[in-house]
Protein chains: 2
Amino acid sequence: MDRQTKQRRIETYRRRCREGGLPLTEQRMAVLEAMLDLDDHPTADRVHDVVARRDSRVSRATVYRALESLARIGVITKACHPGKAVRYDSRTETHHHLVCLRCDAIIDVTDDRLDALPVPDTSSYGFVVSDLRVQLRGVCRRCRELEETS
Amino acid sequence: MDRQTKQRRIETYRRRCREGGLPLTEQRMAVLEAMLDLDDHPTADRVHDVVARRDSRVSRATVYRALESLARIGVITKACHPGKAVRYDSRTETHHHLVCLRCDAIIDVTDDRLDALPVPDTSSYGFVVSDLRVQLRGVCRRCRELEETS
DNA sequence: CGTGCGACTGAGACTTTGTCTCAGGGGTTC
DNA sequence: GAACCCCTGAGACAAAGTCTCAGTCGCACG
Ligand SMILES: [Zn+2]
Ligand SMILES: [Zn+2]
Ligand SMILES: [Zn+2]
Ligand SMILES: [Zn+2]
């Protein structure tokens, strides 16, 4: 992610904190910066590794709490995955995911037709939809290559 | 799920076991029956509760293993969810999900337009797609009602 | 700048979720 | 029925996430 985009995202975060009356702490800023630097879809523990490498005093609980609060105010999102750990996503605009069923990689994909997909009417379920995501499950390039050579 | 459908699903399971050379045990049959009776999208522990109520000697590890093996041979599927526990799905045909971000409910939804969605070309990513799922995130009826009254 | 409130933090205990080990049991085939 | 091999139960273990609580720090206010 380029420097300018990163700066803009951090400004958004500052603004949302002010609006929500949330104190803006050094630790949460470090977590957000780590998320913006990592542009894959890391687990909380992986984010903690990165943050701790820069400042070893940031605790695991704080990283977990910070990621939840960042997701709650919409500065980051949670990605879905049929595995065990929650995956966080620094991209907040609508996009879709390739999910590798072998290695658990999550790869961003943009496709005009997917983006143009209208949200269906779910009022009969009493359900209010805020977000539509398409998930393409399959096998990534690296996993296929590994399989062929074996 | 009606009796006839359930019987057909169990027959499919028997056949896949024979084809795959897997012994068909009482415990795995109990896990499959529990999945077919629960038509929400239960966690492994919830399936274990149901199975254990019928036969308290079935161990937790067996239920976890059985669910994985049922998913591997395609008799059930795994649903994606931005939460911590894996959710299993007794429906194997393509369908889509409403996911409540408040209570973690997963509700099946069928929509012709979603079903007709073509799988986009992902060859530039080197990715082979086996399955396309749409996820509609939002808030379910019950959670909205709870919120209004509070 | 100093003060005070309230939310945040660190450390680690605890809970939940999932996996592994290994001796013993049971399905399948012949 | 016998042999083979996978499956199972019980519990230890591991991984992922939450909670508690005393102490700290951001920030609004004066
Ligand atoms: Zn892969
Ligand atoms: Zn993404
Ligand atoms: Zn709900
Ligand atoms: Zn479903």
Side-chain angles (χ1 to χ4, degrees), chain A residues 10 13-32 34 41-73 75-76 78-88 101 104 106, chain B residues 10 13-32 34 41-73 75-76 78-88 104:
Chain A
I10 288 175
Y13 172 52
R14 284 189 208 280
R15 201 182 59 242
R16 298 243 170 112
C17 281
R18 270 196 305 274
E19 287 166 4
L22 300 171
L24 193 157
T25 68
E26 213 176 304
Q27 291 90 336
R28 271 196 290 224
M29 189 56 80
V31 169
L32 176 58
H41 299 80
T43 62
D45 268 346
R46 184 149 147 56
V47 174
H48 176 242
D49 287 346
V50 172
V51 171
R53 201 168 305 133
R54 297 177 187 172
D55 177 355
S56 63
R57 288 160 314 178
V58 178
S59 82
R60 210 166 138 269
T62 296
V63 173
Y64 273 81
R65 285 183 293 224
L67 288 168
E68 278 307 305
S69 80
L70 290 171
R72 199 169 48 243
I73 65 176
V75 177
I76 62 174
K78 285 186 183 192
C80 280
H81 190 270
K84 35 186 197 175
V86 173
R87 305 288 287 267
Y88 292 91
L101 297 174
D104 291 347
I106 298 179
Chain B
I10 289 175
Y13 172 52
R14 285 189 208 280
R15 200 182 61 241
R16 298 244 170 111
C17 282
R18 273 196 302 277
E19 288 166 3
L22 300 171
L24 192 156
T25 67
E26 214 177 303
Q27 290 90 338
R28 271 196 288 222
M29 188 58 79
V31 169
L32 175 58
H41 299 79
T43 63
D45 266 349
R46 184 149 147 56
V47 174
H48 176 242
D49 287 346
V50 172
V51 171
R53 201 168 305 133
R54 296 177 187 172
D55 176 355
S56 63
R57 289 159 312 179
V58 178
S59 83
R60 211 167 136 267
T62 296
V63 172
Y64 274 82
R65 284 183 294 224
L67 288 168
E68 276 308 304
S69 80
L70 289 171
R72 199 167 48 243
I73 64 176
V75 177
I76 62 175
K78 286 185 182 191
C80 278
H81 189 270
K84 42 182 193 175
V86 173
R87 305 287 288 267
Y88 292 91
D104 290 347

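Every value quoted in this text rests on a predicted model; they were computed, and no experiment measured them. Note on naming: letters A, B, ... go to the chains in the order of the sequence lines (proteins, then strands), and numbering restarts at 1 for each one.
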Looking at A:Ala79 and A:Ile106, what are the two nearest heavy atoms and their distance? CB-CD1, 4.2 Å

Nearest whole Å is fine: how far is D:dT24 P from A:Gln27 CD? 13 Å

Write down the distance between NE2 (A:His81) and P (D:dG17), rounded to a whole number of angstrom. 12 Å

B:Thr25 has its side chain closest, among C:dG18, D:dC27, D:dT8, to D:dT8

A:Asp55 CG - C:dC8 P separation (whole Å): 19 Å

Taking all non-hydrogen atoms of both residues into account, name the closest pair between B:Val50 and B:Ala34 and its distance. CG1-CB, 3.9 Å

Check this for me: does any side-chain nitrogen of one of A:Glu68 and A:Lys78 sit under 4.0 Å from a carboxylate oxygen of the other? yes

B:Arg14: which residues meet the salt bridge (charged side-chain N to carboxylate O under 4.0 Å, His left out) condition with it, sequence neighbours left out? B:Glu11

Quick one: is A:Thr62 getting a side-chain N or O under 4.0 Å of the C:dG10 phosphate, OP1 or OP2? yes

Both B:Gly83 and A:Leu22 contact DNA chain D. Taking the nearest nucleotide for each, which residue is further toward the 5' end? B:Gly83

What integer distance in Å separates B:Arg18:CZ from D:dC6:C1'? 18 Å

Separation of atom CD in B:Glu26 from atom P in C:dT28, rounded to whole Å: 12 Å

Min side-chain heavy-atom separation B:Met29-B:Tyr13 under 4.5 Å: yes

Picking from D:dG9, C:dA7, C:dT28, which would you name as closest to the side chain of B:Val58? D:dG9

Salt bridge or not between B:Asp45 and B:Arg60? Use side-chain N to carboxylate O under 4.0 Å. yes

Counting C-beta onward and ignoring hydrogens, is there a side-chain heavy-atom pair between B:Thr43 and B:Tyr88 closer than 4.5 Å? no

Ignoring hydrogens and geometry beyond distance, is the side chain of B:Arg60 in donor-acceptor contact with the base of C:dG18 at under 3.5 Å? yes

Which whole-number value in Å describes the distance from B:Leu70 CG to D:dC6 C1'? 15 Å

Residues of residues 45-52 of chain B with any non-hydrogen atom less than 4.0 angstrom from an atom of DNA chain D: list those, numerically ordered, please. none

Let me know which of A:Leu32, A:Val47, A:Thr62 forms a side chain to side chain contact (heavy atoms under 4.5 Å, CB included) with A:Leu67. A:Val47

Five pairs per end, C1' atoms only: what is the angle between the end axes of the helix from C:dC1-D:dG30 to C:dC30-D:dG1, to 10 degrees? 50°

Residue whose nearest DNA chain D nucleotide is more 5′ - A:Ala61 or B:Arg28: B:Arg28

Check: A:Asp104 and A:Arg87 side chains under 4.5 Å, non-hydrogen atoms: yes

Whole-Å gap separating P (D:dT8) and CG (B:Leu67): 12 Å

Does A:Pro23 or B:Leu24 map to a spot on DNA chain C nearer the 5' end, using the closest nucleotide for each? A:Pro23

Within the modelled atom types, does a donor on one side and an acceptor on the other bring the side chain of A:Arg65 and the base of D:dG17 under 3.5 Å apart? no

Atom CZ of A:Arg57 to atom P of D:dT24: distance rounded to whole Å? 14 Å

Has B:Glu26 got more than 12 heavy atoms of other residues, nucleotides or ligands less than 6.0 Å from its CD? no

Taking the side chain of B:Lys84 as heavy atoms from C-beta outward, which of D:dT18, D:dG9, C:dG18 is closest to it? D:dT18

With the side chain of A:Tyr64 defined as its heavy atoms from C-beta on, choose the nearest nucleotide among D:dG17, C:dT19, D:dC6. D:dG17

